[in-house]
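Take a look at the structure set out below.
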Amino acid sequence: VSQFNITGEGTSQSGLGDALVSGFFSPTSSKSKWIWGAGPAILVPTATSDYLATKKLGIGPTALALRQINGWTFGALANQIWSVAGDKDRPDVNQLFLQPFLNYNWKSGAGLGVNAEMTQNWEASTTSVFINPTLSGVTKLGKQIVSLVVGPRLHVAAAEGTRADFGIRAALTLVFPE
């Protein structure tokens with residue numbers, strides 16, 4: 001994470017933010033054409049900078065539903081986190097995250113997609129929304145199959161004074177086919 005102008009004019013903070021670890025329980029087979037899962041989400045205070053940290057341990061539910069048809073993948077991911085421990089001088093965490101997504105993949109492994117990320121901070125009564133158009137591809141690094149994703153991160157809604165000028169979203173996912 002890198003944030004600019006958060007501590008005053010012309011200043012910045014860079015480092016790791018807190019980690020959100022999610023686990024999904026999902027049926028191995030279903031008569032429905034939807035793939036889904038639900039389980040716990042845990043906010044782990046791993047940030048390397050006070051400005052990027054909640055300094056809170058949090059927990060809550062998470063769920064995912066998606067459908068794949070003729071190269072298209074669409075669905076949504078959601079979670080709600082409440083802080084359960086941590087620094088008493090920091091605000092409590094009570095936060096909803098919702099991420100609808102749409103992606104098209106060609107047989108070559110290349111893909112185009114878009115997702116939205118909406119975060120509702122119930123403690124501060126603020127909402128932040130990003131739109132993320134992405135380009136993706138599947139390749140090998142050595143013998144390991146990987147999925148690579150990159151694209152701009154466009155901040156379309158934010159609390160006063162917290163809107164980012166520009167962002168980049170990138171991901172590297174290890175793929176382990178059956």
Side-chain angles (χ1 to χ4, degrees), residues 1-4 12-44 46-49 52 58 60-81 95-120 127-158 162-178:
V1 175
S2 182
Q3 297 185 32
F4 298 93
S12 68
Q13 291 290 320
S14 295
L16 296 176
D18 292 338
L20 183 68
V21 180
S22 299
F24 296 93
F25 299 96
S26 181
T28 56
S29 64
S30 172
K31 293 180 183 178
S32 167
K33 294 183 179 183
W34 284 88
I35 298 168
W36 63 273
I42 302 168
L43 177 66
V44 183
T46 58
T48 59
S49 165
L52 305 175
T62 187
L64 167 75
L66 68 88
R67 180 111 189 253
Q68 295 180 306
I69 303 170
N70 299 324
W72 290 97
T73 300
F74 56 90
L77 168 71
N79 64 54
Q80 169 67 44
I81 302 293
Q95 190 166 280
L96 170 71
F97 176 77
L98 179 61
Q99 183 183 48
F101 54 86
L102 172 68
N103 199 75
Y104 183 80
N105 281 92
W106 288 272
K107 292 182 191 232
S108 67
L112 270 175
V114 65
N115 70 57
E117 296 176 345
M118 191 265 318
T119 302
Q120 175 65 44
T127 304
S128 180
V129 179
F130 289 88
I131 302 293
N132 306 306
T134 57
L135 209 57
S136 61
V138 176
T139 189
K140 283 188 175 182
L141 294 177
K143 293 183 180 185
Q144 178 64 56
I145 299 172
V146 296
S147 170
L148 303 168
V149 180
V150 67
R153 191 163 193 248
L154 309 171
H155 209 165
V156 294
T162 64
R163 189 174 183 154
D165 291 332
F166 179 75
I168 296 174
R169 180 177 185 81
L172 172 111
T173 305
L174 302 178
V175 179
F176 301 99
E178 290 185 54

Might you point out which heavy atoms bring [X] and [Y] nearest each other, and give the distance in Å?
X: V175; Y: Q144; result: O-NE2, 2.9 Å
X: G37; Y: S26; result: CA-CB, 4.1 Å
X: R153; Y: I168; result: CB-N, 4.0 Å
X: G39; Y: F25; result: CA-CD1, 4.1 Å
X: T62; Y: A41; result: CB-CB, 3.9 Å

Could you list the residues that satisfy side chain to side chain contact (heavy atoms under 4.5 Å, CB included) with [X], not counting sequence neighbours?
X: T48; answer: L16
X: S29; answer: none
X: A38; answer: A63

Nearest 0.5 angstrom please: [X] [atom1] to [Y] [atom2], how far?
X: T119; Y: Q95; atom1: OG1; atom2: CD; answer: 5.5 Å
X: I81; Y: F97; atom1: CD1; atom2: CZ; answer: 11.0 Å
X: L112; Y: N103; atom1: CG; atom2: CG; answer: 7.5 Å
X: L96; Y: N79; atom1: CG; atom2: CG; answer: 7.5 Å
X: S22; Y: L64; atom1: OG; atom2: CG; answer: 9.5 Å
X: T173; Y: I145; atom1: OG1; atom2: CD1; answer: 13.0 Å

I'd like to check the ring pair (Phe, Tyr, Trp, His ring centres under 6.0 Å) partners of W72; sequence neighbours left out, ordered by chain and number.
Y104
Please set out all donor-acceptor pairs under 3.5 angstrom arising from side-chain atoms of residues 130-143, sequence neighbours excluded.
from: N132; atom 1: ND2; to: N115; atom 2: OD1; distance (Å): 2.7
from: N132; atom 1: ND2; to: E117; atom 2: OE2; distance (Å): 3.4

Would you check if the side chain of T46 reaches a backbone N or O of A19 as a donor-acceptor pair within less than 3.5 Å?
yes
Here the salt bridge (Lys or Arg N to Asp or Glu O under 4.0 Å) pairs for residues 15-35, sequence neighbours left out, are none
Answer whether the closest heavy-atom distance between the side chains of M118 and T127 falls below 4.5 Å.
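In contact.
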